[in-house]
Every structure is written in C-alpha cells, then in structure tokens.
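What follows is a single structure, written as structure tokens, with notes after it.
Values in this document were obtained by computation on a predicted structure and should not be read as measured data. Naming convention: chains lettered A, B, ... in sequence-line order (proteins, then strands); numbering from 1 in each chain.
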Amino acid sequence: MAIASFAESGADLQLTGITKRFPGFTAIEELDLTIPAGSFFALLGPSGCGKTTTLRLVAGLEEPTAGQILIGGKDVTSTKPFQRPVNTVFQSYALFPHMTILENVAFGLRRRKLGDPVGKAHEALKLVELDHLASRRPAQLSGGQQQRVALARAIVNRPALLLLDEPLGALDLKLRRQMQLELKTIQTEVGLTFLHVTHDQEEAMTMADTVAVMNKGKIEQMGAPEELYELPRTAFVANFLGQSNLFTGEVVASGPDHIAVDVAGVPIVVPRTRAQRHAGEIAIGVRPEKVSLLTSAPLPESGRNVLGPGRVTDVSFSGVSTQYLVDVPGVGELVVFAQNMVFGPVVQVGASVWISWNADHGFGLDDDPGVVPRFVPDASTESIAIQRRIALEEELEQA
Amino acid sequence: MAFTAFASQATVEQAPRKRSWIALVLLLPGIAYLVLFFLAPLISLIITSFQQPVLDGDIGEYTAGFQWQNYTDALGEYWPLVLRSFGFALIATVLALAVSYPIAYFIGVKARRFPLLQSLMLTLVIAPFFISFLLRTLAWKQIMSDEGPIVQFLKTIAILPSDGHLTGTAFSVIFGLTYNFIPFMTLPLYATLERLDTRYLEAGADLYASPFTVFRKVTVPLSMPGIISGTLLTFIPAAGDYINASRDFLGSSSTAMVGNAIEANFLVLQNYPIAAALSIVLMAVILIIVGLYVRRAGTEDLV
C-alpha cells in the first residue's frame, strides 16, 4: 500500500492555479491556497460556490482541469485517492452498512496493513465515546452517533490532512456545539491539519483559525475570523459573514487618517486604513451592532457619524438583542442591533429616530460601487425563508 | 442484511392483531390456487413415486403401493445423471455470474447518468425473450454444428481435432445453459447494483483501498442480495433443465441430465413411478443445496 505508517504530524496543503471545469460550468477558477500544517482551516461559502469541489479535488475524488495539489510538499495531483495521506469525513458519513462499527473504523488500518487494527479502532471509538457500540451496524445508530463514527474512522488513520465536508450539517444545535468542541479538542490533541468545508458561518468562525470565504469558485477573502468579520473587503463577505449596512458615495474629503464619503448629502467618515479604496465612488459599510439608535437629533460630534431622521419600520425581538429596521430617506433601510439592556424595545414602529456610530467602526469595500447593493435585506423574512429553503434542499440532496 | 431478496428481516414489528375476515377472504383465491395446482400435484407425484406395476398389466399400468425400491432403482440407475445435472448447473451458474456481473455493473452504475443508454441496454438483455427459448437453442445447434463456421475455425487453428464436434459435448450443454440463463442472472444483479450508493466506493478509496479492494470489500458485499437471487434463479432451473442437454438440441446421450431421464421415463418408457421418484429426488436435493447456500450467505458476516 501507499503509506505504511502514521503521519508524524499534520502536513501543509498547497493548491496552485487549480481550475475545475465540469461540462457546462466552471466550478473553480484559478484557485491558489496554502494551508499551513497543524491549522484548522475553514472554507466557507454558499452552496454551489465550489467549496465541496475543492475538498473532493484534495481528496482525489475529482481531477483538476488545471493546476497542482501539493500535500506536505509532495505533488499528489495525479495520484489516486487511496494513495493520498488524506481522510475525509463525508457529508453523508458513508459508513459501510454491511460492516460493524468496529470494522468500519478498522477499515483504513487494515488496508494499510498496520499492526493491531482492532485495538487502534477501539481506541478511536473511545475518543468519540462510542466504544460500547462497536459491534453494532451503522443503521442501528442515531445521526449524531454515525457522525462520530465517521470522524473516528477518519482520524484513526492519523492522516496528514483531515477533510471535513459539512459533517455537522445534520445534527441538532446542541449536538453540533458538542461536536464542534470535540473536533477542536481532537485537532489540538492530535495536531492534524483540518480542512473544514461549511456554509455555516458561525461554525466556521468558532472553530477555525483561518477562514476563507468562497464565492463563485474564487476565494473572496481569507483571514482570521475576527479580521474577516471586523474588516470585510467585499460586499459578499460583509453580507455572508453576519449582516452589514452598506452605502455608496463619492469621496468628498481625504485626510491623512480619515476619508469622508458623501451619503445622501451627509459626509460619512471612515478610517483610511480600514478602506480599500480612497478616491472616487466607493462603497462603505458598518455592522448593525456597532450602530446605536437615538430618539432625538444628537449634537454634532467629531468621530461619530450620524444619519437621520428616519422612521422605524420593523422591530423584532430575538432575546439577547432587538433588531430594528430604520428607513432613512435618501439612504434606504438600515439595520440596527440593540442589546436588550432594558425590558422591551426602546422605540416602536413608526417612531422617528437618528442612528449614529463611531467613525472608527466603519469599513470601506473593494467592490465597484455600481454592483454593490445599498443594503442587502438579509434580515427580512423573505431572505430567511430562502435560506431555510436552500438548507432544506441541501438536506434533501443528501438523503 | 444480504437477504432481503428472500427472507424478511428478523426484526419486523408485529402489526397489532385485528380479527379481519376480509384478509382471509382476500387470501382465499391464492390459497385455493396453491392447493389445487401445487399441493395436489405434489401429493399425487409422491403417491405415484411409490406405485408398483400391475401384474399381467399393460405397459404403463400401475397400482397404488408402497414400493421404496422405486427410489433405490432410480438412484441406482440414474445417479451419474443427477451428479452431472448439479455439476453442469453449478458451472453454468458461475459462468453466468462472471458474464452478467460486468454487464449489470455497467448498466446499473456506469450508465446511471445516461438513462437512455441504460434502458436500451436493459432491453437488449431482455431481448432474447422475444424469441422462443427452443428456437434460440436450436439456432445455437446450427451455429455449433460440424459444418458451422465455429467448428471449422477451431479445426483450422487445431484447437479441435479433425474428427471433433461441439454439439453433443458437455461444452455445448454448459454453454447453452449459461446462455439461456444469463438474463435471469443479469436482472436481479442490475436491480441491486442500480441502487448501489457510489459514495461508499468513494469512502473506500479514501480509506486507502485500491479499486480491486473496494470491489471485493464494498461492492460485492453490498450487491450480495442480487448475487444470491441471481444464482438461485439460474441454478434451480438449470439443474432441472432438459432442453439444452437433450440430443435434439445441444446434448447427446453422454451429456444427459436428470431432466432428460425424467422426460424419458414419463413420456417414452411410461415408467411413471421411476420418473416421479427422480422428480422428488431432484426437488429434495435442490431444496437441501439452496437451504444450505441461503443459510451460509445469509448469516455470514459479509466483511
């Protein structure tokens, strides 16, 4: 067999110029990506963005149209899946239905003719706390248990690189939290390189050291979760990772530290370092939780941006915070998240309000303003319904 | 488990019992049919197998009796034919499996993305049924006849001696059996392979199994239901077949199978008790073999 020993530690993964075309469409376009050894890397994106294809290319289940894949410095582009030091936790788990749990976990070890496959399989099952079910068949286990078996079956081989294809998608919230913690613990304990593919931004942000946001076969932005959230570079990232209020306007003043953008006649100040473009028509934004809601016109204050007055068009209570939709004439609808410091909402629908935020919290995008939507009403019931439908369709596809 | 094709699962939940006359009434035609056309002839056959000849009677005249010797006589005279039947049937089943598996795999797995090709190929598998079984077998007799191109060719390249034949040999009989039962093997294989989840194959490859190991450890075990039904559908009728081995078709007296002996005793020699005894023996042996096979294949841990 190809590899007759355990990987000492995780290996780094390098993709250079990867392109994958299927008949009729291009799934991945000129993708360059380096994942350092031992890191937990998340590929985040909506369905159809090419993230699962990327994973399958790394696993060897698809062949790239162009480009190179290097694992631990070795070119594996033309090798078959069984020759690669990579294991996958499949979205569907793909546990062999005709084998016991123990045999499923020992499968990879037996293929590589490693000593004591049964003992090692038991150890891996203990790690996921399922050793007592070793003699059962996959069909007799719950979804969460099957997921843990799939994980054990992959990590027991100590692959240099572990690929996770939305493995937590089918779990309920509580179990998912638990598994996220377990995965993270295993990753630090075993020191493997994890490549995690998901469309769940929260999952990506809580688990990964580095997140790459993918869209239409390209990586839009890559970085630490905080960095991506606080300083999105494109409108797609700004709206895919959380929500954003976006504006477009001409740069009217440019100082050494700040630039000012004309938004419906009001100069909105953005720190120069947080803006990708510094001249001409640009798109800027601010996160809804950075914005505060005022019931009277605030006094002009340097370092704060103010828009208003506007009318509250929707108030929705979500426990920790309340979300307000504010329609500002000439600007459009804005979202504001306010923490529930008092009982109930501060203002009601129809109230006249001003919104303001610290100028240091704004960010400027790299997109051409023409293509940036003023405000993506991601919070509207309609878009939530669409998201639910996409999630359901994905589940159905798996079934 | 592997046996869904023939046995129901052990853990089927009992439906709550309801006293329902409707169910019984609906079952009645089926039960009546079985009693009339299966149970009654079977009992009649058993009775016939113990009959004894009438003293000073005509040929073919028998009376009720309890003549055990019918069985010892039948086996004593025809045991080589019984052995040959099961040997030929076994070889034909293995050959049919070897030929059918790749066909079924191609139609059921590889051609999945091309439904038109899939249905076309399935039609081709079934197409021979549109022509009578007898005609097709006779056609093979023509093709393999001494003047036919195959024999001529084999003689030219000296595989067959100059006085050799193909018809009337064990080869042609086994060939005929294999050929005639390939659809019965292919269709159940196709039915299971068509449902084979290729994600298991990917998982196998991901876990360091070479394509051959994936086939051996994943594909074959997962297609076990089809393999079992296909082999049974081929083996059982092949063991009792008397057309292929008959001297009018592909066989000769040296290739006679038990079916030919039964036919001869019933229709030519009018020795009904011996024919009936042979039929019962054939049935019993098949039941035992199939029972053992099913038991082994069904309980074996298919790992």
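At a 4.5 Å heavy-atom cutoff, Leu163(A) makes no contact with chain B through either its backbone or its side chain. Contact of Arg153(A) with chain B is made through backbone and side chain together, with heavy-atom distances under 4.5 Å.
With chain B as partner, the option from Leu61(A), Asn87(A), Leu95(A) having the largest number of non-hydrogen pairs under 4.5 angstrom is Asn87(A).
Under a cut-off of 6.0 angstrom, the local environment of OH in Tyr33(B) is sparse, with at most 12 non-hydrogen atoms contributed by other residues, nucleotides or ligands.
Ring centers of Phe215(B) and Tyr101(B): under 6.0 Å apart, within the cut-off.
By the side-chain hydrogen bond (donor to acceptor under 3.5 Å, both in side chains) test, Arg136(B) is found to be paired with Asn180(B), residues two or more places apart in sequence or in another chain being considered. Under the ring pair (Phe, Tyr, Trp, His ring centres under 6.0 Å) criterion, Phe129(B) pairs with Phe184(B), sequence neighbours left out.
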